[in-house]
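Structure record follows, encoded as structure tokens.
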Amino acid sequence: MAHWLALIPKSSSLVSTDAPGGSQQQAIGWWALQFTPRVTLCEDAVLLELAASERLFGGKAALRKRILKEAEPFDCAARAWAPTGMGALALARGGVRNGFAGPLQDLLDALPLRTMSRVAAERPLLARLGCRTLGEVRRLPRAGLSRRCAPEVLKALDQAYGEETECHLWLELPERFDARLELPGRTESVAALMQGARHLLTQMAGWLAARHAGIRHFTLHWHHDGQRARAAGPGGELTIHTAEATRDVEYLGRLLHERLNRTGLKAPVSDLVLCAPEPESLTAGNASLLLEASLQREPLHRLLERLSARLGPEHVRRPQLVADHRLEAMQIWHPATAFQPSTTATTGVPVLPQPSWILPEPLPLAVHQEKPVYGGVLELLTGPHRMEGGWWDQRELDGRVIGDLTRDYYVALSPQAGLLWIYRHRVVRQGDNWFLHGVFA
């Protein structure tokens, strides 16, 4: 026996101009494709034919229970299940959920005319004939009814009652997500813009769920109203990157909100476009029965992404070691969210002593009787440790210019500051002094 489920989304003031039937209906349809390939957008509803998928999800009742539970975020106005698709749609409109609770004919006969759109279109004529329910319409002579009403009326009734085969156009997923949303009015606040953006994110999550996929990056474009100032430009865009593939709407929404707060809006916005061109396969994680698994904190990569979105990527960085003998070039700082650790680069054990901390800029030292002074006269313990080279690498690193170095380093002992890492140039020039470069912990 066929098993149909009808979901009717609530009407929304947000209208997607690129999604036939409305963005909420389209989002539910894409989301429903993860349970069955037989999904269709019918009038104002989404119809699912579940018979072929029941065994994969533990039976008819288990599958239906899971779909209804996971559909709660979509806030459907009505839902019903029945042996026919048009019958399930009519029952949902009539407030009857279970089309298997009794004979389908008896359940449909009691429904008012408004529950079936093709019959409701002939309501004035049928009312004059004394018909108030679908059962009363079916009891009219078919020959006379076919002459007075459109032929679609009898066809719709036969399909709903299972007396004629239903023919639907099954929903297919596009290869990339690209949806446009026209806002109900011009908005100048980030909070109002996020309401529309979350609507698109929910739609994208349904598309990803149907593909069993996630995304590592997506782009939100916004278009300014036509009455904007010329300096504001036609609009703006933001691209959000994540460390791992995901389709978590709440998480992606938090990242987008943080970035939008930092970016701001230069003019009122009239519509949005959300693009996700490169979905990646996403396997569901295994659940755990251990208590500590439910108490896990936010993963580190998600924390770094949220901080980078809030503070800016230039303020959240992590180091990368580099195989270089010059202290200034032994590590490079990258934005934490863009950092990709290298699996091939290695840093050998340094031959020279290595201080725990180096100064951002070498500090010139005073000299007393040809000896460097820092918290007292320094005592040279080891050295010189000669460092020479780098003529091939003239570049700026973190605001400093590094390149050819010819230095003699020493480990020195300060009466007050402890062990220090100091140097002087190999070729001493006029006015050349000692420099403090690092401190041993």
Side-chain angles (χ1 to χ4, degrees), residues 243 300-301 303-305 307-308 310-441:
L300 176 60
H301 69 271
L303 174 62
L304 294 177
E305 288 168 359
L307 291 176
S308 298
R310 178 175 300 180
L311 304 176
E314 67 278 4
H315 295 113
V316 183
R317 303 188 299 170
R318 68 170 74 185
Q320 178 186 8
L321 294 178
V322 179
D324 200 303
H325 60 281
R326 296 167 296 173
L327 289 180
E328 295 93 331
M330 284 186 177
Q331 63 183 12
I332 302 176
W333 290 87
H334 299 274
T337 54
F339 175 71
Q340 296 293 336
S342 174
T343 57
T344 58
T346 58
T347 55
V349 178
V351 178
L352 303 181
Q354 299 293 310
S356 304
W357 302 94
I358 63 172
L359 277 63
E361 292 288 345
L363 177 65
L365 299 177
V367 177
H368 178 70
Q369 295 181 354
E370 299 184 356
K371 291 186 176 181
V373 176
Y374 186 82
V377 178
L378 301 182
E379 178 184 356
L380 304 182
L381 301 181
T382 65
H385 304 289
R386 179 154 296 174
M387 184 181 296
E388 186 171 358
W391 54 266
W392 60 89
D393 186 22
Q394 298 285 339
R395 58 192 169 98
E396 183 177 343
L397 183 64
D398 291 334
R400 296 169 295 165
V401 178
I402 62 173
D404 190 12
L405 302 179
T406 54
R407 299 171 179 173
D408 287 336
Y409 278 90
Y410 296 82
V411 178
L413 178 63
S414 169
Q416 298 182 10
L419 292 178
L420 305 176
W421 186 235
I422 65 174
Y423 74 86
R424 70 186 309 179
H425 294 290
R426 181 172 61 84
V427 180
V428 180
R429 297 180 292 270
Q430 183 67 27
D432 227 356
N433 295 324
W434 293 86
F435 295 86
L436 172 62
H437 201 186
V439 178
F440 291 88

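Since we're looking at a predicted model, the values are computed, not measured.
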Quick one: does Leu365's side chain get under 4.5 Å of Asn433's, heavy atoms only?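 Side chain of Leu365 against side chain of Asn433, heavy atoms only: no contact under 4.5 Å found.
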Looking at NE2 of His437 and CG of Leu420, how far apart are the two atoms once the value is rounded to the nearest 0.5 Å?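 The distance works out to 13.0 Å.
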Just how far is it from atom CZ of Arg424 to atom CZ of Arg407, taken to the nearest 0.5 Å?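 Spacing of CZ (Arg424) from CZ (Arg407) equals 14.0 Å.
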More than 12 heavy atoms of other residues, nucleotides or ligands under 6.0 Å from OH of Tyr374: is that the case? no
Nearest non-hydrogen partners of [X] and [Y], listed with the distance:
X	Y	value
Ala417	Ser414	N-OG, 3.1 Å
Pro415	Gly375	CD-O, 3.3 Å
Trp421	Pro355	CD1-CG, 3.5 Å
Leu419	Val411	CD2-CG1, 4.2 Å

Option among Tyr410, Phe435, Trp434 that satisfies the ring-ring contact (aromatic ring centres under 6.0 Å, His included) test with Tyr423: Phe435
